[in-house]
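Everything on this sheet refers to the single structure shown next.
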Amino acid sequence: MKRIQYTGTNFTAVKQFCGDKILAPYDCMGFSMLSLMTDEGLETVHEGDYIVQDTPGRFRVEK
């Protein structure tokens, strides 16, 4: 299992970690968010959330 925390300023590192599963950041009321494609559909990644990749390569978000 691997994971990375989204800080709001590390999109390049998150993009390297997730590849084409992550969509560009967008700002809402002063906070930055991402959209992550998972097996369950799109999930929002907020600043401070962790993106986790399990052994088979599936992604999920931990608050």
Side-chain angles (χ1 to χ4, degrees):
M1 178 172 62
K2 298 185 236 175
R3 68 187 209 158
I4 187 170
Q5 185 177 30
Y6 179 55
T7 64
T9 60
N10 64 338
F11 176 70
T12 301
V14 170
K15 178 71 174 167
Q16 288 175 338
F17 181 76
C18 298
D20 64 350
K21 298 286 185 182
I22 201 78
L23 302 178
Y26 52 95
D27 293 316
C28 179
M29 298 180 66
F31 296 97
S32 178
M33 296 179 282
L34 304 172
S35 292
L36 175 68
M37 290 181 273
T38 68
D39 289 346
E40 290 77 35
L42 282 176
E43 289 193 42
T44 301
V45 182
H46 298 275
E47 292 178 23
D49 289 350
Y50 286 88
I51 300 170
V52 179
Q53 181 183 27
D54 63 18
T55 305
R58 293 180 301 227
F59 288 95
R60 62 184 163 84
V61 178
E62 286 184 355
K63 303 291 179 191

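Quick note: numbers below take in every heavy atom, side chains included, and nothing from hydrogens, waters or symmetry partners.
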Find out whether [X] and [Y] are in side-chain contact, i.e. whether some heavy atom of one side chain is under 4.5 Å from a heavy atom of the other.
X: P25; Y: Y6; result: yes
X: I51; Y: I22; result: yes
X: V61; Y: H46; result: no

**Asked** For E62, what residues pass the side chain to side chain contact (heavy atoms under 4.5 Å, CB included) criterion, not counting sequence neighbours?
**Response**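 With neighbours one apart ignored, the set is R3, Y50, V52, R60.
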If you measure from [atom1] on [X] to [atom2] on [Y], what distance do you get to the nearest 0.5 Å?
X: K21; Y: D39; atom1: NZ; atom2: CG; result: 7.0 Å
X: M33; Y: E47; atom1: CE; atom2: CD; result: 9.0 Å
X: Q53; Y: C18; atom1: CD; atom2: SG; result: 7.5 Å

**Non-hydrogen atoms of D49 and T44 that approach each other most closely** = OD2-O, 4.1 Å
**Fill in**
Note: G48 and Q5 closest approach over all heavy atoms is O-NE2, 3.0 Å
**Request:** Run the numbers on L42 and L23 for side-chain contact (heavy atoms from CB on, under 4.5 Å), then give the verdict.
**Result:** CA-CA 10 Å; L42 282 176; L23 302 178; 4.3 Å; yes
**Item:** Sequence neighbours excluded, every pair satisfying ring-ring contact (aromatic ring centres under 6.0 Å, His included) that has a member inside residues 17-43
**Value:** F17-F59
